[in-house]
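Structure, as structure tokens:
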Amino acid sequence: MDRNYWEKIAQNYNAEIFDVFRNDKTGIIREAILEHSNNSKTVIDIGCAVGKWIPFLSVNFKKVIATDISAKNIELAKKNCKAFANVEYSRTDMSDSKLKISPVDFAVCINAILTGSLSKRTVFFKSLSKCVKKSGTLILVIPSLESSMYTSIIRHRWKVDQQLLKASSSTKAKAIKYENLQQGNVNIDNMPTKHYLREELILLLEQEGFNVTKIQKVEYSWKTEFVKPPRWLKEPLPWDWMCVAKKK
Ligand SMILES: C[S@@+](CC[C@H](N)C(=O)[O-])C[C@H]1O[C@@H](n2cnc3c(N)ncnc32)[C@H](O)[C@@H]1O
């Protein structure tokens, strides 16, 4: 999941990429952002992609800095959000160890730290810390490994969507998949995608000088996981982790 991957996917972004803004039916992320919104503050949207969160951020903050590694995504975000004048756009690679960035009061980073590369993730987390001023706040949303495992167990135990998922894989492919899983990298559309444990996320943020003040589930419908979810399958729903963290 490098820059090329995101540049290639840009033209088909809406069809390919899960829309957290639309699927957060309870509005838990918006609620957490509103708790920190202030029309004298600047917010940075890290990994803004095609700008799904920009209109909401624009009306609730003085200024929005919208950043993404993909130039094509940034172009689409500009086009989609041209009605919002208080937005500054910047192509930024959060996995660049030489990144220089002016820290702001408030940062959101929603499902952007997905790379299977440990070295890229390590720098990304360090860059998160560079983006936020002392006593500033970060809202980080990332895929939950617990939720992914729960879904996988249900899929196997009750053979959900079995007719649709007949692909078999070689011994080598299975070994790679197993090795990836040890790191929390789960394949999504054949792409190793980092998923995080709750405790792992707290540890990673604390290591970068944040104090985690809240960690909650962002719940989605079972239809986001299965084509045909069993009728009896109710709560707990599949989820991402949302973390609110204060820079020490
Ligand atoms: C799944 S999309 C999420 C988009 C958006 N936050 C949302 O919720 O709609 C992930 C985005 O993170 C961006 N991204 C991935 N790695 C990045 C990096 N190293 N630096 C900056 N952006 C990155 C990708 O280009 C992509 O647009």
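For ligands, and for the atoms within them, numbers begin at 1 and follow the listed sequence. Both backbone and side-chain heavy atoms feed into the values below; hydrogens, waters and symmetry mates do not.
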Open item on the list: Are any of the N/O atoms on Ile110, whether in the backbone or the side chain, positioned under 3.5 angstrom from an N/O atom of ligand 1?
Closed with: yes

Open item on the list: Just verifying a value: how many Å separate Met191 CE and Thr115 OG1, rounded to the nearest 0.5 Å?
Closed with: 9.0 Å

Task: Sub-4.0 Å atoms of ligand 1 with respect to non-hydrogen atoms of Ile17 - done: 1 (C)

- [ ] Verify, without hydrogens or angle tests, whether Arg91 (side chain) and Ile69 (backbone) share a donor-acceptor contact under 3.5 angstrom.
- [x] yes

Open item on the list: Here's one to test your reading of the geometry: is the NZ or CZ of Lys63 within 45 degrees of the ring axis of Phe61 and under 6.0 Å from its centre?
Closed with: no

Open item on the list: I'd like the name of whichever of Leu114, Ile69, Val108, Ile46 reaches closest to atom 23 (C) of ligand 1 through any heavy atom.
Closed with: Ile69

Task: With Lys248 via side-chain contact (heavy atoms from CB on, under 4.5 Å) - residues at least two apart - done: Asn211

TODO: Just need the protein heavy atom nearest to atom 12 (O) of ligand 1, so name the residue and atom and give the distance.
DONE: Ala112 CB, 3.5 Å

Task: Stacked cation flag Arg30 on Phe21, 6.0 angstrom / 45 deg - done: yes

Open item on the list: Only heavy atoms of Ser95, strictly under 4.0 Å: list the atoms of ligand 1 that pass.
Closed with: 19 (N)

Open item on the list: Looking only at protein heavy atoms, which one is nearest to atom 5 (C) of ligand 1, and what is the separation?
Closed with: Gly47 O, 3.2 Å

Task: Candidates Ser147, Ser144, Ser148 - the one meeting side chain to side chain donor-acceptor pair (under 3.5 Å) with Trp239 - done: Ser144

- [ ] Answer with yes or no whether Phe18 contacts ligand 1, where contact means a heavy atom under 4.0 Å from a ligand atom.
- [x] no

TODO: Check if Trp53 has a non-hydrogen atom at a distance under 4.0 Å from any atom of ligand 1.
DONE: yes

Task: Residue Ala49 vicinity, atoms of ligand 1 by number, heavy atom under 4.0 Å - done: 4 (C), 27 (O)

Task: Distance filter under 4.0 Å to Lys52 heavy atoms, resulting ligand 1 atoms - done: 9 (O)

Task: Pairing of Lys72 and Glu75 as salt bridge, 4.0 angstrom limit - done: no

Open item on the list: Quick check on contacts: which atoms of ligand 1 are under 4.0 angstrom from a heavy atom of Asn111?
Closed with: 1 (C), 2 (S), 3 (C), 10 (C)

Open item on the list: Please list the nearest protein heavy atom to atom 13 (C) of ligand 1 with its residue and the distance rounded to 0.1 Å.
Closed with: Asp68 OD2, 3.4 Å

Task: Heavy atom of the protein closest to atom 15 (C) of ligand 1 (residue, atom name, distance) - done: Trp6 NE1, 3.5 Å

- [ ] Determine yes or no for a side-chain-to-main-chain donor-acceptor pair under 3.5 angstrom, with Asn185 supplying the side chain and Leu181 the backbone.
- [x] no

Open item on the list: I need the nearest protein heavy-atom contact for atom 2 (S) of ligand 1: residue, atom name and distance, please.
Closed with: Tyr13 OH, 3.3 Å

Open item on the list: Under 3.5 Å between any N/O of Asp45 and any N/O of ligand 1: does that happen in this structure?
Closed with: no

Task: Atoms in ligand 1 flagged as close to Thr92, the criterion being non-hydrogen separation under 4.0 Å - done: 20 (N), 21 (C)

Open item on the list: Once side chain to side chain donor-acceptor pair (under 3.5 Å) is applied, do any residues pair with Asn180, and if so which ones, sequence neighbours excluded?
Closed with: none

Open item on the list: Closer than 4.0 angstrom, basic N to acidic O: yes or no for Arg3 and Glu7?
Closed with: yes

TODO: Using a strict cut-off of 4.0 Å, indicate which atoms of ligand 1 neighbour a heavy atom of Asp93.
DONE: 18 (C), 19 (N), 20 (N)

Open item on the list: Donor-acceptor pair, distance only, cut-off 3.5 Å: does the side chain of Glu208 make one with the backbone of Leu204?
Closed with: no

TODO: Could you list which atoms of ligand 1 come closer than 4.0 Å to a heavy atom of Met94?
DONE: 18 (C), 19 (N), 20 (N), 21 (C)

